[in-house]
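Below you'll find the structure, written out as structure tokens, and then a few comments.
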2 protein chains.
Amino acid sequence: MPDLSIDVVAKAAGVHRSTVSRAFSRPEAVKSETREHILRVAEGLGYTMSPLAQALRRKTSTFIPLIVPDITNPFFAELAKAMTQAADDRGYQLLLCVTNGDPAKTDGYFTAMQAMYAPFGIVAPSTKVDSEAMKRFAFGHKVVVIDRVEGDASVPTVTVDSRQGITIALDHLRGLGHTSIGYVSGIAGTHTAQDRMDAYLQLTALSGGTPIVLDSGSDLDAGTRGAEHFLQMDNPPTAIIAANDMVAFAVISALGQRGVRVPEDVSVIGFDGLALGARFNPPLTTVRQPIADMGDIAIELAEKQNIDGSVDHIVLEPQLLVRGSTSGPRK
Amino acid sequence: MPDLSIDVVAKAAGVHRSTVSRAFSRPEAVKSETREHILRVAEGLGYTMSPLAQALRRKTSTFIPLIVPDITNPFFAELAKAMTQAADDRGYQLLLCVTNGDPAKTDGYFTAMQAMYAPFGIVAPSTKVDSEAMKRFAFGHKVVVIDRVEGDASVPTVTVDSRQGITIALDHLRGLGHTSIGYVSGIAGTHTAQDRMDAYLQLTALSGGTPIVLDSGSDLDAGTRGAEHFLQMDNPPTAIIAANDMVAFAVISALGQRGVRVPEDVSVIGFDGLALGARFNPPLTTVRQPIADMGDIAIELAEKQNIDGSVDHIVLEPQLLVRGSTSGPRK
DNA sequence: TCGGTTGCTGAGATCGGTTGCAATAACACT
DNA sequence: AGTGTTATTGCAACCGATCTCAGCAACCGA
């Protein structure tokens, strides 16, 4: 590859490099014959424009960072997959940035992306703390958050309605005949985790029931602890709502190891709608988040903000996904 | 941010930009006082060099693409996690590229990365076909493959010893008393899938046994089909080796839905060692691949090749990870 | 004191594009 | 034919670094 630059193409096509440039990035500004000729020549040479050089000059690129705390978590993996597609469809290239929850790394990615002239970025929930770093980043660039942001309505967000999700779960379980429904909370200090828990608390209280929080911890082992708590109860609930699918997996696994069967002995419902849930044992009933939609919308919001400066907060509706981990309560 | 360029810093520090450049990228070429002064000034201004501009001029960047077919598959997610870390440790920035198995996309990523002056790339197993696209890419750049590459010993690879992995699985099962051990194959036409299957076939034959292939299909539903096959047999095996953890999950799930319990009715062992397996029901016994090591080594190989042109083929040893999905055969 | 090193810094071309501005061509109209 | 547009294309500066080459000062030995 004798370094295919724009000048090479220009020479080969017998025009000036600015014309070649226009042929690619502003087609209407070049006589169509000329443009077609140039494109043909370029094609023949196997030439593509350097995104680097473009970004440098234009001061804006098509790289859009997706910042997630842990790609190993299937939720983020599915989000990443959806967003990759969404980004691709709109001519962007998604750059996955994994922080492992390290705020320093988050910061590093922010500035790196700033330097890459990313037109905007997408941040998925890790901790609430983000908002500070975000402020700095958002100074020059735009961010949209897949979660809520505390005290900063200036950043667009897309979330799913936690309260409605819990409502759906509760209704499903009640419809099956359950009256005693426990709850195991989710990971870290994210808003979504908090919201779901609050919703559970309020909704059960509202309907005259007594909330049964099996574990309100905030790490990955909440599921296991919740299961243990369940086992120690004299009068355990007949159904359990897990704050998310991963926790549900852990609950079922831990329960299974103690000989408690799902859904025969206790029903368990998750929250997320991971594809993986279909392959679980038993297949997990869950409240499905429209992950793919979230990806699309996140990008739309970002673009919209870039254009008219609008800051929207979209709230999506979750859906019930009935599989095998729930059934009527044991008689 | 009034566009912090190297010239701004230069002016502020009262030196020429080339000196600033050197202060950052070739410290020993600048008088230490000068350098410290420059660094201090830069620090104060909050200046960082533009990776874009650097890459453009140097014709080499620190972006290293990791090309995977599907990030939703936990194996690739874990690999990505490990490699992100490994890359980071060495001053690179991993760029995750998800192809969804689409060769066109793979190709697109290759040329994009070429344009980004990536010093090398890492490709994780998707299909064998890759080798062609790779040739083109490898022309200007280096690639290391996490799998084997057919008929092209010129690209470094890191793999784990499939034969040994299957041996370990077989030994574990036999040690538990199993004599009739079935096999369910893995995804797509990757070498690893092929190797594991071959190893199973050879090793069982070698020890005088009869191979029982429950499904040799090549898609994600192999697990389900394997389970169905199992159910239809008059004399089903007492243990099953799944080509990888995901398949094992599917097998157990499908079996569970038909009332077959693991490990009470049949033992199942996976291959991969996914963290997720620990949260499965039951926790999955599996042959663990040293994923983190693979990441480290892949990058090492790439760097080594860049330096002395050596092309190594590293083969790692898998380990047995006993959890709850295997036990002695039913009497 | 003078030629030869050595150490450090400045100049300016260059990487691969983009873009405002000027120049030229082509076409319309009086 | 003369003048006013309008469509195309060339020119050259610029984006933010890197790097070779040259200049200059201090230092060495004879």
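Computed from a predicted model, the values in this text were never measured in an experiment. Convention: sequence-line order gives letters A, B, ...; per-chain numbering from 1.
- Residue A:S50 has its side chain nearest to C:dG17 when only C:dG17, D:dT18, D:dC15 are considered.
- Distances were taken from every side-chain heavy atom of B:R58 (C-beta onward) to each of C:dT19, D:dC19, C:dT9; the shortest belongs to D:dC19.
- To the nearest 0.5 Å, the span separating CG on B:D293 from CD on B:E300 amounts to 9.5 Å.
- Here C:dA11 is the nucleotide among C:dT19, D:dG16, C:dA11 with the atom lying nearest to any side-chain atom of B:S18.
- Nucleotide C:dT14 holds its P atom 17 Å from the CD1 atom of A:I6, rounded to whole Å.
- Distances from the side chain of A:R22 to the nucleotides C:dG12, C:dT19, D:dG16 place C:dT19 closest.
- For A:A53, the side-chain atoms get nearest to C:dG17 when compared with the rest of C:dG17, C:dG10, D:dG16.
- Look at B:Y117 and you won't find any side-chain N or O under 4.0 angstrom from OP1 or OP2 of C:dC15.
- The nucleotide whose nearest atom lies closest to any side-chain atom of B:Q54 is, among D:dT9, D:dC14, D:dA17, D:dA17.
- Taking only side-chain atoms of B:R17, from C-beta outward, the nucleotide of C:dT18, D:dA17, D:dG10 with the closest atom is D:dA17.
- No donor-acceptor pair closer than 3.5 Å links the side chain of A:D272 to the backbone N or O of A:L274.
- Distance CZ (B:R26) to C1' (D:dC19): 7 Å, rounded to an integer number of Å.
- Here B:A29 lies in heavy-atom contact (under 4.0 Å) with a base.
- As judged by a 4.0 angstrom heavy-atom cut-off over every strand, B:T60 is placed among residues making no nucleic acid contact.
- The phosphate of C:dT9 (OP1 or OP2) has a side-chain N or O of B:T34 nearer than 4.0 angstrom.
- Of the side-chain N and O atoms in B:S25, none sit less than 4.0 angstrom from OP1 or OP2 of D:dA17.
- Between the side chain of B:D312 and the backbone N or O of B:I314, no donor-acceptor pair lies under 3.5 Å.
- In this structure, B:S61 contributes its side chain and B:M116 its backbone to a donor-acceptor pair below 3.5 Å.
- Nucleic acid contact class of B:V20 (heavy atoms, under 4.0 Å, all strands): none.
- Rounded to whole angstrom, the span from the NE2 atom of B:H16 across to the P atom of C:dT9 amounts to 13 Å.
- For D:dG23, the paired base is C:dC8 (Watson-Crick or G-U wobble, both distances below 3.5 Å).
- D:dA30 is paired with C:dT1 under the criterion used here, namely a Watson-Crick or G-U wobble arrangement in which both key atom distances are under 3.5 Å.
- Atom pair A:L56:CG and D:dA13:P shows a separation of 18 Å (rounding to whole Å applied).
- The residue B:F24 sits apart from the nucleic acid: no heavy atom pair falls under 4.0 Å.
- Rounded to an integer number of Å, the gap from CZ of B:R57 to P of D:dT20 is 8 Å.
- The phosphate of C:dT19 has neither OP1 nor OP2 within less than 4.0 Å of any side-chain N or O from A:S21.
- At the phosphate of C:dG16, OP1 or OP2 sits under 4.0 Å from a side-chain N or O atom of B:K59.
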